[in-house]
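Excluded from the calculations below are hydrogen atoms, water molecules and symmetry mates; all remaining heavy atoms, backbone and side chain alike, are included.
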Amino acid sequence: MNHLPVLPVLVPLVTGAILLLLERRHRSSVLRLWAWVGMAALLAVAVSLVVQVQRQDMLVYLLGDWPARLGITLMVDRLSALMVLTTTLLAIPCLLYACAGWDKRALHFHALFQMQLAGLNGAFLTGDLFNLFVFFEVMLIASYGLLLSGARGARIKAGMHYVVFNIAASVVFLLALGLLYGMLGTLNMTEMAARIAVAPPERTLLIQAGAGLLLLVFCAKAALLPLYLWLPEAYARAPAAVAALFTVMTKVGLYAVLRVFTLMFGENAGPLANLAWDWLLPAGAATIVLAALGVIGAPRLRIGVAYLVLLSAGTLFVAFSLANAGAISAGLYYLAHSVFVSAALFLLADIIQRHRGCNGDYLMPIASMPNKTLPAALFLIAAVSIAGLPPLSGFVGKLQLLNAVPEAQMGWIWTVILGSSLMTIIGLSRSGTRLFWRVDTAPVDMPPPPLRRSEIAATVLLLAYGIAMTLFAGPVLRYTDAAAAQLLDVDTYIQVLRDTAPLIREPSP
């Protein structure tokens with residue numbers, strides 16, 4: 001158990017390396033077997049982390065037993081454990097869907113899939129800004145391979161935009177790290193928080209510039225307006241299992257904003273306290289409005305789902321920018337809900353696309369889709385949940401968020417949240433009507449393929465997560481309440497690191 005914090009990174013790295021060695025000489029069935037073995041091990045580790053942080057509050061792991069200021073530090077609290085569990089639960093149906101046949105068409109799919117999980121988990125667990133950059137790059141490089149493998153035409157164009165945009169953001173990330181390291185002498189986030197609190201006035205402006213660059217990078221990763229242009233087309237063109245896994249990638253940027261700007265630039269940061277929230281609150285609201293309009297005007301179902309991912313990111317920016325425990329807790333609940341339901345919609349859109357022949361997922365009336373009852377029912381459940389209608393998890397998350405809005409900001413934030421929900425209902429009603437109800441009399445150009453059980457099972461599993469979050473909303477919200485309270489208690493983070501790593505230096509005056 002002492003080495004538990006490193007296992008969410010180590011397990012997928014080892015599994016990916018094994019799969020890379022096996023793929024030249026073994027059939028896909030062997031690769032799938034090893035992928036599922038690794039996934040089962042990762043699920044056990046993720047559940048163990050959640051259980052352990054509830055017993056011990058926080059885990060600190062120093063790789064190689066180096067001092068925190070010199071080596072790689074992993075810090076596991078309730079928030080990071082929740083993110084690792086959410087990512088693992090998402091990866092299971094994504095892998096199940098890919099194993100229906102798409103994994104055979106993608107070069108190194110299983111190895112890249114595991115490497116992306118390692119990058120995601122590492123980003124959630126690291127306590128060091130430079131290693132956050134490293135894990136970002138591991139995650140992104142794997143995502144480049146998954147997005148562009150076997151690509152042609154429009155997917156290559158969208159993929160290249162995605163690659164160039166993220167490389168540019170990574171360059172800015174490095175500039176920010178260099179500036180902050182020059183001013184503070186460390187990149188360990190907890191130690192940086194202690195030093196920022198006592199930073200001399202002559203360094204404040206440069207530290208603020210470094211924080212601004214970090215904020216730019218994280219908002220670009222999370223697709224905040226106006227840095228969102230890469231997302232709709234890239235997600236809509238990605239293979240279904242990959243697009244479903246990508247729903248958690250924007251949440252990495254959101255997680256980084258929440259972690260860095262509460263720990264390092266929170267209430268204890270002196271003149272730099274809470275420097276991000278006044279900017280992010282209106283930007284998040286504007287992102288919500290833009291995304292809701294995108295859902296209404298989407299020409300394809302998958303474009304509409306991509307805008308739903310963008311809408312969830314805007315909602316989370318609003319929740320986190322309120323910077324109180326209730327809003328952060330509601331945001332964490334909504335984060336997990338939106339990841340699962342958006343992923344289910346991407347998988348469902350792929351199923352619908354293949355059953356509509358050359359018309360794909362374009363929202364136009366054609367002949368009635370054969371065997372449409374089950375896809376239509378799944379679409380209805382997903383639409384009710386993502387729109388925030390009772391009684392599903394989307395309603396619970398938005399209700400908790402609305403209840404946490406301060407009275408002074410209640411009017412306009414309630415208008416934005418409820419107005420976007422109405423626009424989402426209109427957009428999804430339009431999509432469902434054109435896909436399943438208003439049909440043309442023209443014959444379908446070819447017989448549709450049969451529904452694959454594993455694909456339906458993957459979609460049902462993702463929707464079942466949301467239903468489970470509704471049935472067990474009480475325990476989940478108690479966990480997110482504790483995670484939000486722990487996140488805002490910066491003094492405890494600093495003290496835990498000093499108790500674990502006694503060689504940490506006191507912040508210089």
Side-chain angles (χ1 to χ4, degrees), residues 8 36 39-54 78-97 117 120-121 124 241 244-245 247-248 251 255 305 308-309 312 315-316 319 328-348 351 374-375 377-401 403 421 428 453-484:
W36 282 112
M39 192 58 65
L42 183 58
L43 178 61
V45 169
V47 172
S48 299
L49 270 183
V50 171
V51 172
Q52 194 68 15
V53 294
Q54 292 186 88
R78 285 178 171 85
L79 172 58
S80 53
L82 173 65
M83 297 304 297
V84 170
L85 180 61
T86 300
T87 302
T88 305
L89 291 176
L90 172 66
I92 291 171
C94 292
L95 181 60
L96 179 61
Y97 194 94
L117 292 180
L120 287 166
N121 291 339
F124 296 136
L245 184 62
T247 57
V248 80
K251 308 309 184 285
Y255 167 85
V305 178
L308 287 172
V309 174
S312 70
T315 303
L316 289 170
I328 292 173
S329 172
L332 295 179
Y333 181 95
Y334 183 83
L335 185 153
H337 143 81
S338 63
V339 165
F340 297 144
V341 181
S342 299
L345 281 169
F346 273 122
L347 300 187
L348 193 57
I351 294 172
L374 182 56
L378 296 177
F379 181 85
L380 177 62
I381 295 171
V384 168
S385 184
I386 201 74
L389 294 174
L392 297 180
S393 53
F395 172 76
V396 176
K398 288 190 176 182
L399 180 63
Q400 291 295 115
L401 174 57
N403 287 334
S421 295
L428 291 174
R453 292 183 179 179
S454 59
E455 293 179 346
I456 295 296
T459 309
V460 170
L461 180 57
L462 284 166
L463 295 177
Y465 290 158
I467 295 173
M469 289 182 67
T470 306
L471 296 176
F472 300 98
V476 175
L477 286 170
R478 284 194 292 272
Y479 183 93
T480 58
D481 287 343

Stepwise side-chain contact (heavy atoms from CB on, under 4.5 Å) test for Val45 and Thr88: CA-CA 10 Å; Val45 169; Thr88 305; over 6 Å; no
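- By the side chain to side chain donor-acceptor pair (under 3.5 Å) test, Ser421 is found to be paired with Lys398, residues two or more places apart in sequence or in another chain being considered.
- Atom CG of Leu96 sits about 9.5 Å away from atom CD1 of Ile92, to the nearest 0.5 Å.
- Ser338 places a side-chain N or O within 3.5 Å of a backbone atom of Leu335 that can act as its donor or acceptor partner.
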Stepwise side-chain contact (heavy atoms from CB on, under 4.5 Å) check, Phe124 with Leu82: CA-CA 9 Å; Phe124 296 136; Leu82 173 65; over 6 Å; no
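- Partners of Ala482 according to the side chain to side chain contact (heavy atoms under 4.5 Å, CB included) rule, which considers only residues two or more places apart in sequence or in another chain, are Arg78.
- Atom CZ of residue Phe379 and atom OG1 of residue Thr459 lie 13.0 Å apart, to the nearest 0.5 angstrom.
- Applying the side chain to side chain contact (heavy atoms under 4.5 Å, CB included) test to Leu79 and every residue at least two apart in sequence or in another chain returns Asp77, Met83, Tyr255, Leu258, Arg259, Leu332, Leu487.
- In this structure a side-chain-to-backbone donor-acceptor pair under 3.5 Å is missing from Ser385 to Ala382.
- Partners of Phe346 by ring pair (Phe, Tyr, Trp, His ring centres under 6.0 Å), not counting sequence neighbours: none found.
- Here the closest non-hydrogen pair linking Leu401 and Ala319 is CD1-CB, 3.6 Å.
- With a 4.5 Å cut-off on side-chain heavy atoms, Leu120 and Val84 do not count as touching.
- Remark: Ser329 engages Thr480, Asp481 in a side chain to side chain donor-acceptor pair (under 3.5 Å) (not counting sequence neighbours).
- Put simply, CG on Leu428 and CG on Leu380 are 10.5 Å apart, with the number rounded to the nearest 0.5 Å.
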Report, one line per pair, each donor and acceptor closer than 3.5 Å where one atom sits in a side chain of residues 387-396; sequence neighbours left out.
residue, atom, partner, partner atom, Å
Ser393, OG, His337, ND1, 2.9

Chi angles and distances behind the side-chain contact (heavy atoms from CB on, under 4.5 Å) call for Lys251, Thr87: CA-CA 10 Å; Lys251 308 309 184 285; Thr87 302; over 6 Å; no
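- In terms of the ring pair (Phe, Tyr, Trp, His ring centres under 6.0 Å) criterion, Tyr333 has no residue partners (sequence neighbours excluded).
- Between Val305 and Ser342, the closest heavy-atom pair is CG1-O, 3.7 Å.
- Put simply, CH2 on Trp36 and CG on Leu42 are 11.5 Å apart, with the number rounded to the nearest 0.5 Å.
- Under the side chain to side chain contact (heavy atoms under 4.5 Å, CB included) criterion, Val50 pairs with Gln54, Ala81, Leu85, Tyr479, not counting sequence neighbours.
- Under the side chain to side chain contact (heavy atoms under 4.5 Å, CB included) criterion, Ala343 pairs with Leu90, Ala244, Thr247, Leu462, sequence neighbours left out.
- Atom CG of residue Leu461 and atom CZ of residue Phe340 lie 9.0 Å apart, to the nearest 0.5 angstrom.
- Annotation: salt bridge (Lys or Arg N to Asp or Glu O under 4.0 Å) contacts involving residues 454-466, sequence neighbours excluded, comprise Arg354-Glu455, Arg452-Glu455.
- Nearest heavy atoms, Gly331 versus Leu316: O-CD2, 3.0 Å.
- Summarising the geometry, atom OH belonging to Tyr465 is positioned 10.0 Å from atom OG1 belonging to Thr86; distances are rounded to the nearest 0.5 Å.
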Stepwise side-chain contact (heavy atoms from CB on, under 4.5 Å) test for Val341 and Leu308: CA-CA 10 Å; Val341 181; Leu308 287 172; over 6 Å; no
